[in-house]
Asks: 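Please find one structure pasted underneath; my questions will follow.
In this text, all values refer to a predicted model and were calculated from it rather than measured experimentally.
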Amino acid sequence: MDELNDTHITLRGYVEMEKYRYLYFTVMLLVYVSIVCSNATIVYLIWTHKNLHEPMYIFIGALLFNCVIYSSTFYPKLLTDFLSEKQVIPYSGCVFQFFMFYSVGGSEFLLLAVMAFDRYVSICKPLRYSTIMRKTTVKCLLVFAWLFPPCQLAVQAVLCAKAKICNLNLEGIFCNNAIYTVHCVRSRTATIVGLAVLLDVAVLPMLFTVFTYAKIFIMAYQSNKTFQRKAAETCVPHLLVLISFSYLCAYDVIIARVESDLPKAARFVMTLQLFLYHPLLNPIIYGLKMKEISKHLKRLFCSNKV
């Protein structure tokens with residue numbers, strides 16, 4: 001079959017669109033606005049308060065800003081599809097969404113790894129903290145976290161763009177790994193590159209994060225209660241975010257790569273979890289669990305009431 005890269009891909013993962021399109025749109029719009037407002041509020045507090053201009057809070061702000069970008073890779077298109085008669089996307093747009101979604105997702109894993117390193121130095125090597133975590137170091141780590149994944153994903157995106165298409169129907173609601181199902185042949189090169197990217201931007205950063213926090217908790221277990229409390233207060237929120245995001249990414253890889261007999265409605269509901277929980281969980285965890293951020297949030301909302 002001739003190459004069909006100039007045509008549109010139909011997204012066939014939606015369920016009962018004619019019946020529930022306005023309900024879907026209203027709920028997802030409210031969720032998206034909540035995600036942007038809640039994450040942006042904490043980023044604003046970190047930006048405007050000098051006592052939060054420390055590496056730990058800067059990394060939290062970067063993570064929440066990244067969360068807004070992550071949500072923006074699919075929510076605008078999702079909302080448009082709910083109000084459209086046909087849920088279609090140009091193949092070039094599909095490749096771009098694929099590239100952005102996994103690039104920003106990879107940055108999330110790297111930012112969590114950077115935050116784990118910051119906590120390790122702060123808790124286990126406090127006397128050397130100011131020497132190691134200088135402003136230059138913080139900037140370099142942030143640049144690396146945001147540029148490394150796109151550089152990795154660029155190769156995969158180019159391979160997808162050059163692939164021949166034999167199927168114009170994608171069984172999903174956005175362009176994730178399911179994009180490979182529209183190709184005539186699943187390229188071995190693309191598979192190898194995809195596994196290498198998964199290893200570099202997700203698996204290795206996650207293992208580094210888990211290993212780092214394990215060392216912190218082992219040291220805390222052997223120390224006094226004050227040290228244990230400090231370790232728990234600063235590390236538990238990061239671990240909760242890591243567990244949440246890792247679960248969603250594992251689901252995304254499994255559901256897209258493995259042939260599944262899941263009913264269409266079940267697949268639709270499970271895919272929506274990628275969009276709903278994690279982007280809302282981050283500001284809740286950091287807003288409630290981090291004392292300094294929580295204080296500023298209370299002051300902000302109390303002053304507004306007055």
Side-chain angles (χ1 to χ4, degrees), residues 35-36 38-47 52-74 99-123 129 132-154 197-216 233-250 252 274-275 277-287 289-290 292-293:
I35 289 169
V36 173
S38 58
N39 284 278
T41 298
I42 297 180
V43 172
Y44 167 76
L45 291 176
I46 293 171
W47 181 274
L52 298 181
H53 291 180
E54 298 177 7
M56 178 176 71
Y57 297 111
I58 292 173
F59 290 139
I60 290 174
L63 186 72
L64 298 184
F65 176 72
N66 195 77
C67 199
V68 173
I69 301 175
Y70 172 78
S71 300
S72 298
T73 61
F74 45 78
F99 170 74
M100 288 299 299
F101 179 74
Y102 289 110
S103 293
V104 180
S107 294
E108 186 103 357
F109 276 113
L110 288 173
L111 285 169
L112 288 169
V114 166
M115 293 165 76
F117 174 71
D118 173 70
R119 291 301 83 208
Y120 172 77
V121 176
S122 174
I123 294 172
Y129 183 77
I132 297 174
M133 299 304 296
R134 294 174 297 177
K135 288 184 178 180
T136 305
T137 305
V138 172
K139 291 178 181 178
C140 289
L141 289 173
L142 289 176
V143 169
F144 175 75
W146 273 319
L147 292 186
F148 182 69
C151 292
Q152 294 271 296
L153 264 298
V197 172
L198 179 65
L199 184 68
D200 288 345
V201 304
V203 177
L204 290 179
M206 182 178 66
L207 291 176
F208 173 83
T209 304
V210 171
F211 175 76
T212 303
Y213 283 129
K215 291 194 68 174
I216 293 174
E233 286 178 353
T234 58
C235 295
V236 169
H238 304 324
L239 280 175
L240 290 175
V241 172
L242 176 66
I243 292 169
S244 166
F245 195 63
S246 299
Y247 157 73
L248 295 176
C249 290
D252 175 69
L274 290 169
F275 310 145
Y277 300 146
H278 179 70
L280 282 174
L281 185 64
N282 279 5
I284 292 174
I285 289 177
Y286 291 118
K289 293 293 184 180
M290 306 303 288
E292 289 301 317
I293 295 177

Asks: Out of Val104, Asn39, Leu63, Ile35, which one pairs with Tyr70 under the side chain to side chain contact (heavy atoms under 4.5 Å, CB included) rule?
Replies: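 Going through Val104, Asn39, Leu63, Ile35 one by one, the side chain to side chain contact (heavy atoms under 4.5 Å, CB included) with Tyr70 is satisfied by Val104 alone.
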
Asks: Closest heavy-atom contact between Pro150 and Ser103?
Replies: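 Reported closest heavy-atom pair: CA-OG, 3.5 Å.
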
Asks: Taking OH in Tyr129 as the centre, count heavy atoms belonging to other residues, nucleotides or ligands within less than 6.0 Å. Is the count above 12?
Replies: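 Above 12, so yes.
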
Asks: On a heavy-atom basis, which atom in Leu111 and which in Ala145 lie closest, and how many Å separate them?
Replies: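 Closest approach of Leu111 to Ala145: CD2-CB, 3.8 Å.
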
Asks: Heavy-atom distance under 4.5 Å between the side chains of Phe148 and Ser107, does that happen here?
Replies: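 No, every pair of side-chain atoms sits at 4.5 Å or beyond.
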
Asks: With rounding to the nearest 0.5 angstrom, report the CZ to CG distance, Phe59 to Asn66.
Replies: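 Here the interatomic distance stands at 13.5 Å.
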
Asks: To the nearest 0.5 Å, tell me how far Trp146 CH2 sits from Glu108 CD.
Replies: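 With rounding to 0.5 Å, CH2 (Trp146) is 11.0 Å from CD (Glu108).
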
Asks: Heavy atoms only: give me the nearest Pro205-Thr209 pair and the separation to one decimal.
Replies: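 Residues Pro205 and Thr209, closest heavy atoms: O-OG1, 2.8 Å.
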
Asks: Within this structure, what is the CE-CD1 distance for the pair Met56 and Ile293, rounded to the nearest 0.5 Å?
Replies: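 CD1 of Ile293 is found 7.0 Å from CE of Met56.
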
Asks: Looking at every non-hydrogen atom in both residues, tell me the closest pair between Gly61 and Val43 and how far apart they are.
Replies: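 Smallest interatomic distance, heavy atoms only, reads O-CG2, 3.6 Å.
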
Asks: Atom CG in Leu52, atom CD1 in Ile42: separation rounded to 0.5 Å?
Replies: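 Answer rounded to 0.5 Å: 10.5 Å.
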
Asks: Cut-off 3.5 Å, no hydrogens considered: what does the side-chain donor-acceptor table look like for residues 135-143, sequence neighbours left out?
Replies:
from: Thr137; atom 1: OG1; to: Ile132; atom 2: O; distance (Å): 3.0

Asks: Between Leu281 and Val241, is there a side-chain heavy-atom distance shorter than 4.5 Å?
Replies: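 No - every pair of side-chain heavy atoms lies 4.5 Å or more apart.
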
Asks: Return the CG to CZ distance between Leu112 and Phe208, rounded to the nearest 0.5 Å.
Replies: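 Rounded to the nearest 0.5 Å, the CG-CZ separation comes to 11.5 Å.
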
Asks: Indicate the atoms forming the closest heavy-atom contact of Pro55 with Met133, along with that distance.
Replies: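 Looking at all heavy atoms of both residues, the shortest contact is CG-O, 4.0 Å.
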
Asks: Mind checking whether Tyr120 and Tyr213 have ring centres under 6.0 Å apart?
Replies: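 Judged by ring-centre distance (under 6.0 Å), Tyr120 and Tyr213 do not meet the cut-off.
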
Asks: Keeping Ser122 on the side-chain end and Asp118 on the backbone end, is there a donor-acceptor pair under 3.5 Å?
Replies: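 Not a single qualifying donor-acceptor pair exists.
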
Asks: For Tyr286 versus Leu64, what's the shortest heavy-atom pair and its separation?
Replies: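 Closest approach of Tyr286 to Leu64: CD1-CD2, 4.1 Å.
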
Asks: Could you measure the distance from the CE atom of Met115 to the OH atom of Tyr57? Nearest 0.5 Å is fine.
Replies: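 It comes to 11.0 Å.
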
Asks: May I have the step-by-step check of side-chain contact (heavy atoms from CB on, under 4.5 Å) for Leu242 and Val210, ending in yes or no?
Replies: CA-CA 9 Å; Leu242 176 66; Val210 171; 4.0 Å; yes

